[in-house]
Amino acid sequence: MNVDTYFGSGDAQRIISLRREIHRHPETGLDLPVTVTVVCRELDSLGIPYTLKYAPGSVVGYINYGGTAKEAEAAPAVEDAGHVFTIGLRADMDALPVEEQTGLPFASEVPGKMHACGHDAHTAMLLGAAKALRKAADEGSLSCRVKLIFQPNEEGEDEGAGIMVRNGVMDDVDLIFGQHVHKLPVGHFGWHKGNAQASCHAYRITFHGVSAHATRPQEGHDALAMAIKAANDIYLMEAREISPFENHIISIGTLHAGTAFNIIAEKAAMGITVRTYSDRLDQFICDKIRKICENAASELGGTAEVDDNLSAYVVYNDPYLTEIARKTQISLAGEENVHEVESMMGSEDFSYYLTRRPGAFLRIGVENPEKGCNCHVHAGDLNIDEDALILGARFLTQLVLDMQDHQ
């Protein structure tokens, strides 16, 4: 089925305009009133019912559900009789606390905030696909249902995907797909089967001691010394107790302690990030960090509080579904422009959806040096080639049309 049937001559510019509108008004976390208004406006114009119930700052649209949003929300779960094959498509919508430095005419109008990771593009591409898929459904070419998941707070600690999953957004979804801008030339796609991105485990450790004058350290219990000992032991553990063949990262990013140069620190706070591709290894590291910190504190007469938060799981791209997606990419861009990309230690809360149903997270190239376009994600000079947007919308549409034949 040819996806171009469902796209018109003005759709490319429409998607670009949507991306620029969202880009000018970046919002962070779960508080996305302007972005949500844009998404709802577009879904209203397409006659696509939607709900805001799954998380603050979220929008979920329903295509081919055959009724109102309230009726769609009552759709049978995957395990229930009467369930209709349903494909989820996800786009994240939040921005970053980054000062924009591009000088573009549609640059951020909000000081200290910018769409520096391409989520504005993701949202615009999914809205473009929504229009095409609605047309396919109206013409009777869509045999499955499509759930459009516009998600907040991918960048934040509250994991927007986790909130939506816990509130049931995946209950009636059989498969789910997402795509992200990537450091590939515009017109190119990327894919990776299996473990594509690492889990992210964050630790906040607080060491408690007793303050004293720096000239009488024996009268206190040095919380800074506890933290230093723990840090050294953690890095020693990593070097000597974890196989170098296991992909992992342990990085101590922050250490704050003390109030004056001549006072023994009463409290010290340490921040650690751990990335792995293995639940077993993650649990081993978690247990070791907790034990090391508690022992270091105890040996020096203090205590340690260990607060850990698994903010993202491993992004595991189902090999079968990724292969179908790869073939869809090839059908649109040609085999020479479709590439296997390396797995990454960076994390993605798209992984929460994959804990419930299989799926794949794909990549779309946005770089074009001739236009000064780069993919410097999380940097103030990110500037993508907007020619990628219509291709991304076509890919999401074609993927659904291809995938419905494999239910």
Side-chain angles (χ1 to χ4, degrees), residues 1-19 21-22 36-54 58-78 82-91 93 121-151 169-179 324-325 328-329 331-332 359 389-407:
M1 196 176 298
N2 188 346
V3 70
D4 291 331
T5 303
Y6 307 109
F7 284 90
S9 59
D11 283 335
Q13 188 54 52
R14 169 180 168 268
I15 296 170
I16 290 172
S17 296
L18 285 169
R19 183 254 168 167
E21 181 179 4
I22 295 168
V36 166
T37 297
V38 171
V39 172
C40 292
R41 181 195 72 205
E42 293 302 308
L43 296 181
D44 281 331
S45 72
L46 297 170
I48 295 175
Y50 58 85
T51 182
L52 310 180
K53 75 172 188 176
Y54 288 107
S58 72
V59 185
V60 173
Y62 303 99
I63 295 179
N64 223 23
Y65 276 71
T68 65
K70 186 174 182 179
E71 292 168 332
E73 290 167 24
V78 170
H83 171 72
V84 177
F85 183 66
T86 303
I87 296 174
L89 298 177
R90 176 271 207 163
M93 301 188 292
H122 303 165
T123 302
M125 288 187 288
L126 185 53
L127 286 170
K131 181 182 178 183
L133 289 166
R134 174 59 197 260
K135 184 177 181 182
D138 290 345
E139 295 181 0
S141 301
L142 198 63
S143 61
C144 67
R145 290 171 172 166
V146 181
K147 202 167 193 177
L148 308 168
I149 301 173
F150 294 92
Q151 178 206 307
V169 75
M170 293 295 290
D171 288 355
D172 68 329
V173 174
D174 293 274
L175 312 170
I176 187 164
F177 298 93
Q179 69 177 340
I324 296 173
T328 299
Q329 292 174 334
S331 72
L332 296 175
L389 300 182
I390 186 66
L391 180 61
R394 291 172 66 233
F395 167 69
L396 292 173
T397 306
Q398 187 68 63
L399 181 60
V400 171
L401 297 175
D402 291 346
M403 196 62 64
Q404 67 180 349
D405 297 328
H406 294 270
Q407 56 184 285

Would you find a donor on one side and an acceptor on the other, under 3.5 Å apart, between the side chain of Asp11 and the backbone of Gly8?
yes
Distance col, row Ile15:CD1 vs Leu126:CG, nearest 0.5 angstrom, shows 10.0 Å
Between the OG1 atom in Thr123 and the CD1 atom in Ile22, the distance rounded to the nearest 0.5 Å is 5.0 Å
For Val3, is there any backbone N or O sitting under 3.5 Å from a side-chain donor or acceptor partner on Arg394?
no
Specify the closest pair of heavy atoms between Tyr6 and Ala136, including all atoms of both residues, with the distance to one decimal.
CE2-CA, 3.6 Å
Nearest non-hydrogen partners of Pro76 and Gly82, listed with the distance
CG-O, 3.7 Å
Can you check whether Gly10's main-chain N or O pairs, donor with acceptor, with Gln13's side chain at less than 3.5 Å?
no
Roughly how far, to the nearest 0.5 Å, is CG of Asp171 from CD of Glu73?
12.0 Å
State which residue, out of Thr86, Asn64, Asp172, fulfils the side-chain hydrogen bond (donor to acceptor under 3.5 Å, both in side chains) condition with Lys147.
Asp172
Can any side-chain N or O of Gln404 pair as donor or acceptor with the backbone N or O of Phe85 at less than 3.5 Å?
no
Quick one: pull up CD in Glu42 and CZ in Arg14 and give me the separation to the nearest 0.5 Å.
5.0 Å
Establish, from distance only, whether the side-chain atoms of Thr328 and Gln398 form a donor-acceptor pair under 3.5 Å.
no
Might you point out which heavy atoms bring Thr68 and Pro49 nearest each other, and give the distance in Å?
C-CB, 3.9 Å
Pick out which of Val400, Ile324, Leu89 makes a side chain to side chain contact (heavy atoms under 4.5 Å, CB included) with Phe177.
Leu89
